[in-house]
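Working notes for the structure below.
The chain is numbered in sequence order, starting from 1. Counting starts at 1 for both ligands and their atoms, following the listed order.
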Amino acid sequence: MSDRVRCNCPRCTIRGLMGPAVLITLGVLFLFNEMRGGFFSFRNTFPVILIVLGVVSLASTLAPADGHISGSAPPTPPGAAPPRPQNSFPDQSQGF
Ligand SMILES: [Zn+2]
């Protein structure tokens, strides 16, 4: 879908589960709210979202980052020169 380099290290994989985990938790809590109400109303169960956020964040922090790929720089093929940054002010480098 996107052009970004996807890293498959355990840390980034677990971090990618943050959004789906929060969505599933929200869905389950709203389901409880509709089915049971009372003690299971969303007013009482919303801290579960914070717990899920904390657990996923803790798991991603503790997971090893072996083979981590930084998303900003695409890997250059061997033997290729690294890309040079464009000089945005070419006139200033030639004179004075
Ligand atoms: Zn990674």
Within less than 2.8 Å of the Zn ion (ligand 1): protein N, O or S atom count: 4
Check: Arg11 side chain, Ser60 main-chain N or O, donor-acceptor pair, under 3.5 Å: yes
Spacing of OG belonging to Ser41 relative to CZ belonging to Arg36, to within rounding of 0.5 Å: 13.0 Å
4.5 Å side-chain heavy-atom contact, Phe42 and Ile49: yes
Side-chain heavy-atom pair Asn33, Thr45 within 4.5 angstrom cut-off: no
From CG (Leu58) to CD1 (Ile14), nearest 0.5 Å: 10.0 Å
Point-to-point distance, once rounded to the nearest 0.5 Å, from SG of Cys12 to CG of Leu17: 11.5 Å
